[in-house]
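These notes are about the structure you will find just below.
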Protein chains: 2
Amino acid sequence: MPTGRKSRIPQTRTDKVHAGLRQAILEQRLAPGARLPEDAIGDSFGTSRTIAREALGRLAMEGLVDLVPNRGAFVANPSLDEGRHIFAVRKGLERLVVQQLAAQMTPDLAGALQAMTDAERKVLAKSEAEAIRLAGEFHLKLAELTGNPLLARYVRELVSRCSLVLAMYGRPHSAECGAEEHRTLVAALVAGDRDRAAALMDQHLDLVAGRALIAPEQLGDVRTILSDFLRETSD
Amino acid sequence: MPTGRKSRIPQTRTDKVHAGLRQAILEQRLAPGARLPEDAIGDSFGTSRTIAREALGRLAMEGLVDLVPNRGAFVANPSLDEGRHIFAVRKGLERLVVQQLAAQMTPDLAGALQAMTDAERKVLAKSEAEAIRLAGEFHLKLAELTGNPLLARYVRELVSRCSLVLAMYGRPHSAECGAEEHRTLVAALVAGDRDRAAALMDQHLDLVAGRALIAPEQLGDVRTILSDFLRETSD
DNA sequence: CCATCTCCGATTGCATACGATCCTGATGTG
DNA sequence: CACATCAGGATCGTATGCAATCGGAGATGG
C-alpha cells in the first residue's frame, strides 16, 4: 500500500500542519483567497507560529497559498490565465507519464493498472470535493508507476493546483474524470500503444479542463458563455 | 492591475541566503554531499539559524539540498538514476516549451530569440562552472518567453538540478551546450516548425545528457566507458 | 581482536520574545 | 466634502533559548 507504511522518517509537526492545511484547502474548507494568519494556524493546530510559518512556506512553493511579504498568507486564488498555465504544464507532464508507462509496459505493470480502474469502479464519491480528490488520485498513481519520483512529485503538485482551479471555476458536477476515459486510456497503455495513449491522455485532460475553464476558442463569445448559464438554471 | 509595476520585493534575508547558497552549490564551491549545518550557514551569512533553516528548506524543495531529519542538511548528491529521472522530466517539459513557442510565434518573439543566440556568440565562459551556468541560462530564457510562469519555474528548477548532475558526472569540457545547436533550434522556432523544433530540442538534450550520464545503451559495457577515459588522458 | 554498550558533544525541533512593517480608520485642515 | 496625516492594532521578520535526538568515541565484555 502506498501510504500507511511505518516509515522511519519521523513525522515532524510541520509535516502534520502542512498536510492538514493542504487537505483543508483541497477540500475547500478554506476558500480561495482566505487569510491564513500564522498565529491562527498555529493556535488551531496547537503549535507555535514557527511551525505554521514553515508549513505555509511549503504550501507557497507548491502554489496552494500565496505569500505576500509583510502581509501574510492567503489560500491561492488562481486567475483563469493561471489555471490555463497550470493545465498546460500538466498536459505536458502527463503526456510524458503515459509515454513512459507505455514504453516500459510489463505484465506486472499492466496488472497494477487494471487494478486501479477496477478499484475506481467500486468507489463512488459522496461529495463534489471528494470527487475532485478521487479524480486526481488516479493520475497521481499513474505518475508514481513510472518509477520516476520527480515526475510523480510534479504531477502531484499540478493535480493539487488543478483541483483548486476546478473548485473555483468548475461547473457543478463537472469535476469527476469519466471513469470510462480512464479505462480506455489504460487499455491503450497495456497494449503498449504509446501514441494512442498519449493522444487519449491529451484528450482526457482537454475534457477535464474544458469542463472548468472556458475553452480558449469560446473566449469572448458572450452567447456561448451565457448559454451555459441558461442550462445551469434548469439543473 | 495584476502585473507590471515595480512591485516592492523586500528582498528578505532568507532570500539572500537562499540565493547565496544556491549559487555556491551550482558553482560547486560546495561539493555534492557536503554538510550544511544551520549554525555555520547562519554565521557565514551573518544571520540567525532561523533564516538559514528556512533557506535550506526551500533549497530542499528545489532538490538542491537533501534534508535528513534530526541529522541536518547536505548538498544534494543525486545518483545516476536520479540524474536520468531529472533529465527525463526536463526533456518532457522543454519539449512543451518549444511547442508552445513555435505555436505562438510572432515577429517580436522571433526577434527576442535571435537576440539570445547573438548574445551567446559574444559571451565565452571563463570556467567550467560558468559554462554550465550559461548553458542553463538559454534554456531558462526560452521557458520564460512562453509567458507561462509555472513552466518557467519548473524549467529553472530542472536546469539547476541538471547543472548539479553535470557537475558530478559530466566529463570535463563537456558541459557547454553547443551554441550551434541553439541556433538551429531557434531557426526552427522562428519558422514556426513545431515538430522540427521539438525534435531538435529532444536531440539537443539527449546530447547534453549523453555527455554526462552514461547513455542507457552504454550501460554495462566496460570498454565503452574505459575508452572515454583513454581519450581524456590525452587531453 | 571484535562486538556491544554507554555516554557525550554536536545539531536539530520547536517555542517564545521583540522590533518592524503595513493596513485601518479617526482626526484635522483647506 | 475631499484629502493629507497620523496613531493603533494586527501581523510578519528575525533572533534567541531550551529540550530532544542522533552519531560517534571510548569503555566493557567475550
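Side chains are part of it too, since the values below use all heavy atoms of this structure and drop only hydrogens, waters and symmetry mates. Every chain is numbered from 1, with letters handed out A, B, ... down the list of sequences. Only a predicted model underlies this, so the values are computations on that prediction, with no experimental measurement involved.
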*A:T14 vs B:R35, nearer the 5' end of DNA chain C by closest nucleotide*: B:R35
*If you find the nucleotide of DNA chain C closest to A:R49 and the one closest to A:N70, which residue's nucleotide is nearer the 5' end?*
A:R49
Can you measure [X] atom [atom1] to [N] atom [atom2] for me and round it to whole angstrom units?
X	N	atom1	atom2	result
A:D43	C:dC14	CG	C1'	15 Å
A:R58	C:dG13	CZ	C1'	12 Å
A:D15	C:dG13	CG	P	10 Å
B:I41	C:dT11	CD1	P	12 Å
B:K16	D:dT14	NZ	P	9 Å
A:E54	D:dG13	CD	P	14 Å
A:Q11	D:dT21	CD	C1'	17 Å
B:I51	C:dT12	CD1	C1'	16 Å

*Is there a donor on the side chain of B:T12 or the base of D:dT14 sitting less than 3.5 Å from an acceptor on the other?*
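When only heavy-atom distances are counted, B:T12 does not reach the base of D:dT14 through any donor-acceptor pair under 3.5 Å.
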*Go through the side-chain N and O atoms of B:Y154 and B:E94 and say whether any donor and acceptor fall under 3.5 Å apart.*
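Judged by distance alone, the side chains do not pair up.
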_So which atom in B:L140 and which in B:V155 form the shortest heavy-atom distance, rounded to 0.1 Å?_
CA-CG1, 4.4 Å
*Have a look at A:R53 and say if it touches a base, only the backbone sugar-phosphate, or nothing, with a 4.0 Å heavy-atom cut-off.*
base
*asked:* Side chain of B:E38 only, heavy atoms from C-beta on: which candidate in C:dC22, C:dT12, D:dC22 is closest?
replied: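 In terms of side-chain proximity for B:E38, the closest of C:dC22, C:dT12, D:dC22 is C:dT12.
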*Counting heavy atoms from C-beta on, name the nucleotide in C:dA15, D:dT14, D:dC12 closest to the side chain of B:R13.*
D:dT14
_Can you tell whether the side chains of B:D66 and B:R71 come within less than 4.0 Å, N to carboxylate O?_
no
*For the pair A:R22 and A:E62, find out whether any cationic side-chain nitrogen is under 4.0 Å from an anionic carboxylate oxygen.*
yes
*Any donor-acceptor pair under 3.5 Å linking the side chain of A:E54 with the backbone of A:I51?*
no
